[in-house]
A.B. asks: 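Would you mind keeping the following structure in view while I ask a few things?
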Amino acid sequence: MKCPYCQKAPNQIQEFVNRAKEEMIAPEELVRCSEGTYDARTKLFCCTSCYIRIGMPANDKLHEAFRYYRRDHEPIDGLNETYINQY
């Protein structure tokens with residue numbers, strides 16, 4: 001489980017770590033349960049800073065783009081709303 005744009009897992013993102021501590025759950029569980037960008041099929045989500053950077057696309061467009069992410073490659077660099085909207 002990670003953000004394909006910055007390659008960070010939930011436990012590496014302070015926003016999720018802080019909220020998870022408040023709710024007394026693991027950061028990964030927090031993402032699974034309450035992060036709107038999380039896609040259970042691909043186990044990918046978009047952290048807030050990356051989500052803003054790519055233009056805050058609708059989740060259905062973002063989840064469709066996640067299907068094209070290849071786990072053995074570098075982060076999705078330069079993927080922006082224009083790219084996402086073509087799917």
Side-chain angles (χ1 to χ4, degrees):
M1 175 186 294
K2 65 181 171 182
C3 172
Y5 299 95
C6 66
Q7 299 292 299
K8 291 182 181 175
N11 65 356
Q12 296 173 305
I13 301 169
Q14 200 60 46
E15 170 189 359
F16 295 126
V17 171
N18 292 344
R19 283 180 44 212
K21 281 183 185 177
E22 289 173 7
E23 297 188 29
M24 299 175 63
I25 59 175
E28 294 78 14
E29 186 64 22
L30 178 77
V31 169
R32 266 192 293 278
C33 294
S34 65
E35 175 53 48
T37 65
Y38 177 68
D39 179 36
R41 185 173 40 177
T42 61
K43 295 184 176 33
L44 298 173
F45 68 96
C46 200
C47 71
T48 302
S49 60
C50 288
Y51 185 64
I52 291 168
R53 184 176 56 83
I54 64 169
M56 300 186 302
N59 284 341
D60 60 333
K61 300 288 186 187
L62 187 62
H63 292 179
E64 186 67 23
F66 285 169
R67 292 179 49 210
Y68 296 93
Y69 172 71
R70 293 166 55 188
R71 295 181 192 282
D72 58 342
H73 287 236
E74 294 297 311
I76 304 174
D77 191 28
L79 184 59
N80 60 30
E81 190 175 81
T82 304
Y83 178 83
I84 290 170
N85 283 337
Q86 68 183 330
Y87 293 102

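Remember, predicted model here, so these are calculated numbers, not experimental data.
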A.B. asks: Could you check if a side-chain atom of Tyr51 sits within less than 4.5 angstrom of a side-chain atom of Pro57, using non-hydrogen atoms only?
C.D. replies: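 Of all side-chain heavy-atom pairs linking Pro57 with Tyr51, at least one is under 4.5 Å.
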A.B. asks: For residues Leu44 and Met1, determine if any side-chain heavy atom of one lies less than 4.5 Å from a side-chain heavy atom of the other.
C.D. replies: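 Sidechains of Met1 and Leu44: no contact.
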A.B. asks: Any side-chain heavy-atom pair from Val31 and Ile13 closer than 4.5 angstrom?
C.D. replies: no
A.B. asks: Ignoring hydrogens and geometry, is there a side-chain-to-backbone donor-acceptor pair from Glu29 to Ala26 under 3.5 Å?
C.D. replies: no
A.B. asks: So, does Glu23 use its side chain to make a donor-acceptor pair with the main chain of Ala20 at under 3.5 Å?
C.D. replies: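 Between the backbone of Ala20 and the side chain of Glu23 there is no qualifying donor-acceptor contact (under 3.5 Å).
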A.B. asks: How long is the span from the CD atom in Glu35 to the OG1 atom in Thr48, to the nearest 0.5 Å?
C.D. replies: 6.0 Å
A.B. asks: Let's go through Arg19 and Glu22 carefully: what are the C-alpha distance in whole Å and the side-chain angles of both, what is the deciding distance for salt bridge (charged side-chain N to carboxylate O under 4.0 Å, His left out) to 0.1 Å, and is it a yes or a no?
C.D. replies: CA-CA 5 Å; Arg19 283 180 44 212; Glu22 289 173 7; over 6 Å; no
A.B. asks: Do the rings of Phe45 and Phe16 sit parallel, tilted or perpendicular, given the 30° and 60° boundaries?
C.D. replies: perpendicular
A.B. asks: Just verifying a value: how many Å separate Ile54 CD1 and Cys46 SG, rounded to the nearest 0.5 Å?
C.D. replies: 4.0 Å
A.B. asks: Measuring only between side-chain heavy atoms, which start at C-beta, is Pro10 closer than 4.5 Å to Leu30?
C.D. replies: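 No, every pair of side-chain atoms sits at 4.5 Å or beyond.
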A.B. asks: Any side-chain heavy-atom pair from Cys6 and Cys47 closer than 4.5 angstrom?
C.D. replies: yes
A.B. asks: Evaluate salt bridge (charged side-chain N to carboxylate O under 4.0 Å, His left out) for Lys61 paired with Glu64, printing each intermediate quantity in order.
C.D. replies: CA-CA 5 Å; Lys61 300 288 186 187; Glu64 186 67 23; over 6 Å; no
A.B. asks: I want to check something: taking the side chain as every heavy atom from C-beta on, are Tyr38 and Lys43 in contact at a cut-off of under 4.5 Å?
C.D. replies: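 Side chain of Tyr38 against side chain of Lys43, heavy atoms only: contact under 4.5 Å found.
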A.B. asks: Could you tell me the separation between the CD atom of Gln12 and the CD atom of Gln7, rounded to the nearest 0.5 Å?
C.D. replies: 9.5 Å
